[in-house]
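Note sheet for the following structure.
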Amino acid sequence: MENTQHAGLIVASNRLPFTLTRKADGGFQVEPGSGGLITALLPVLRDRGGVWVGWPGTSEEIDNIDALLEEATRKSGYRLRPVLITEDERRKFYHGFSNEIIWPLFHDLQTLCNFDPSYWRVYQNVNRRYAEVLAQNSKDGDFIWVHDYHLMNVALELRRLRANVKTAFFLHIPFPPLDIFVKLPWRFQLLHALVEYDLIGFQTLRDQRNFIQCVRTLMNDVAVHGKGRLLTLRDSGRDVPVGSFPISIDFNAYVKRATGNEVADKAAELRKILPNRQLILGVDRLDYTKGIPQRLEAFRNALMRYPELHERVTLIQVVVPSREDIPQYYDLKARIEGLVGEINGQFTRPGGWVPIHYVFRSLEQSDLLAYYRAAEIALITPLKDGMNLVAKEYCACSIEEDCVLILSEFAGAAAQLQRGALLVNPYDMEGVADAIYRAFTMDITERRARMRRMRRAIHEQDIFWWVDSFLRAAIAKDLSAFPLPEDYVPVNDIGGMSL
Ligand code: G6P
């Protein structure tokens with residue numbers, strides 16, 4: 001029987017919020033991870049107690065792993081449970097199925113997919129392992145919240161194990177349109193696996209709509225009811241709500257940190273080193289979905305067509321290393337570095353202006369915030385993105401509300417920010433170049449009006465709103481207390497046109 005009164009919360013994600021790393025003396029230490037999901041969910045787990053299940057960051061055998069993880073969260077009221085997988089499984093499950101198939105396909109880049117059948121087998125096995133650890137650590141009626149594309153099969157595996165739990169899934173990346181999704185050799189299996197969840201959440205109405213279209217077309221026995229932000233699938237007598245929940249950031253925490261002395265000093269230092277110009281900032285993980293080469297070409301185009309930008313702008317492009325074991329990622333790094341060299345070679349004034357400052361490393365948070373504070377313009381132009389939290393972080397840190405956000409219309413964030421940002425098609429080199437010039441010449445009144453609108457939306461629908469609205473949909477199947485922001489207009493996949 002369900003014991004809803006004492007239902008525990010269990011979170012599952014590819015990685016645990018703490019990672020085991022080797023120390024100089026050969027032993028292991030547990031280090032906290034960072035990121036929006038961790039900020040949002042750890043307080044909820046602390047309040048209610050609960051468990052987080054995931055990969056501990058290493059495939060090495062560690063005798064005292066449970067004790068190490070126990071120690072890291074001793075006084076916190078929640079527990080960490082590791083899912084142990086071999087190096088080979090990790091390669092096929094994480095690098096292979098997750099990042100060489102689902103990642104490119106769901107970002108509409110099917111030509112980059114490597115549909116190796118062994119990846120699918122290992123993906124199923126590893127998802128089963130997650131389900132086993134979840135089943136061992138849950139009791140009847142518990143609520144299991146599964147995150148992202150690495151773990152789409154977990155609910156199905158839990159059902160096979162006859163675990164009496166409620167499950168919900170949130171996809172952090174986009175869900176592709178039907179004609180792209182059908183390229184997946186395991187399209188039927190994956191859709192059936194998703195429908196095993198008791199709630200399915202997407203970032204935007206665009207993703208929700210794509211998923212629903214796939215269900216309508218590929219699953220004859222499933223009916224769709226309702227309209228708007230929370231729909232219902234009826235599958236053999238079960239009702240499965242399907243909603244859209246735009247993820248966000250801890251707005252107040254960003255404002256607080258961005259106004260601190262350390263960040264202010266670092267931002268002032270940057271301004272001193274790069275005076276008399278506007279700084280344009282790009283910050284991305286190394287990833288082909290981020291559109292970095294296309295952005296560099298657009299910047300080159302702007303410098304060619306608008307010579308008045310020479311010496312008056314500097315592009316700071318920060319690239320954070322990521323997934324470098326995957327061939328497309330290291331190829332991309334070489335391409336970006338080639339382009340930066342070319343463009344700087346073409347425009348640099350010896351002894352003076354260098355148009356692009358390129359940073360390839362992970363940044364301390366205070367350095368990242370200093371870049372946000374120092375830059376007058378952010379250039380965020382992914383080819384497709386689930387949400388893009390850099391855009392929201394940048395706005396939160398624009399304390400004086402005098403900065404301009406240039407944003408891809410294919411980022412999930414465009415649905416909430418389109419009335420404040422300059423929206424661009426990242427493939428349109430001249431269009432992006434024009435937007436750079438428009439941002440450069442935009443007067444303060446327009447900057448303030450636009451930025452204020454965006455900051456209000458991000459403040460009102462912050463990360464805590466996101467957690468609350470998701471849990472509310474799971475428990476009450478009702479989102480009337482959580483309307484989308486007034487500014488929210490669903491963005492179409494084609495041309496950013498409003499639906
Ligand atoms: C995206 C995914 C996350 C993932 C992150 C970093 O935002 O939605 O699930 O954690 O990229 O990628 P990585 O492969 O380093 O975890």
Side-chain angles (χ1 to χ4, degrees), residues 2 4 7 106 143-149 152 154-156 158-159 165-182 187-188 190-248 386-387 412-416 418 457 460-461 465-494 497-499:
E2 273 189 13
T4 40
F106 280 30
F143 177 74
I144 299 184
W145 189 356
V146 178
H147 290 268
D148 231 352
Y149 59 103
M152 290 184 282
V154 164
L156 175 78
L158 278 166
R159 213 171 280 283
V165 288
K166 288 271 170 234
T167 57
F169 177 75
F170 184 76
L171 184 68
H172 291 252
I173 66 173
F175 196 89
L178 172 68
D179 57 348
I180 291 182
F181 183 76
V182 288
R187 57 211 173 172
F188 294 110
L190 210 67
L191 271 192
H192 277 102
L194 282 171
V195 170
E196 290 296 333
Y197 282 96
D198 298 306
L199 166 68
I200 309 168
F202 297 97
Q203 295 275 22
T204 66
L205 292 174
R206 167 194 72 187
D207 306 308
Q208 181 193 17
R209 188 199 57 200
N210 286 344
F211 174 74
I212 292 291
Q213 204 192 352
C214 290
V215 167
R216 281 193 208 274
T217 314
L218 302 175
M219 300 180 84
N220 292 333
D221 43 350
V222 177
V224 182
H225 296 276
K227 60 178 181 174
R229 198 179 157 205
L230 200 63
L231 302 169
T232 306
L233 304 182
R234 188 151 301 151
D235 177 29
S236 336
R238 285 172 64 238
D239 275 353
V240 183
V242 178
S244 65
F245 306 88
I247 200 169
S248 192
M387 178 53 57
Q416 280 163 302
Q418 63 177 306
E460 280 169 11
Q461 275 81 38
W465 174 92
W466 176 77
V467 171
D468 286 352
S469 68
F470 191 88
L471 294 180
R472 175 66 179 247
I475 295 159
K477 302 194 174 171
D478 170 31
L479 279 178
S480 46
F482 295 88
L484 281 169
E486 262 173 41
D487 267 3
Y488 192 99
V489 180
V491 171
N492 201 339
D493 305 284
I494 302 158
M497 281 146 49
S498 299
L499 292 171

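Checking Asp198, Leu230, Ile200 one by one against Pro241, the side chain to side chain contact (heavy atoms under 4.5 Å, CB included) holds for a single residue, Leu230.
Taking the centre of each ring, Phe211 and Phe181 stay at or above the 6.0 Å mark.
Annotation: the span from Gln213 atom CD to Leu178 atom CG amounts to 5.0 Å, rounded to 0.5 Å. To the nearest 0.5 Å, atoms NE2 (His192) and CE (Met219) are separated by 3.5 Å.
Nearest heavy-atom pair, Tyr149 versus Met152, reported as atom, atom and distance to 0.1 Å: O-CE, 3.4 Å. The shortest heavy-atom contact between Pro177 and Asn210 is N-ND2, 3.5 Å. Of all heavy-atom pairs between Gln208 and Phe202, the closest is CA-CD1, 3.8 Å. The two residues Thr204 and Asp207 make their nearest non-hydrogen contact at OG1-OD2, 2.7 Å.
The salt bridge (Lys or Arg N to Asp or Glu O under 4.0 Å) analysis of residues 219-234, with sequence neighbours excluded, yields the pairs Arg234-Asp239.
No donor-acceptor distance shorter than 3.5 angstrom exists from the side chain of Arg238 to the backbone of Leu233, with no hydrogens or angles considered.
With sequence neighbours left out, the side-chain contact (heavy atoms from CB on, under 4.5 Å) criterion links Asp468 to Phe482.
Ring geometry for Trp145 against Phe143 counts as tilted: the plane angle lies between 30° and 60°, on a 0 to 90° scale.
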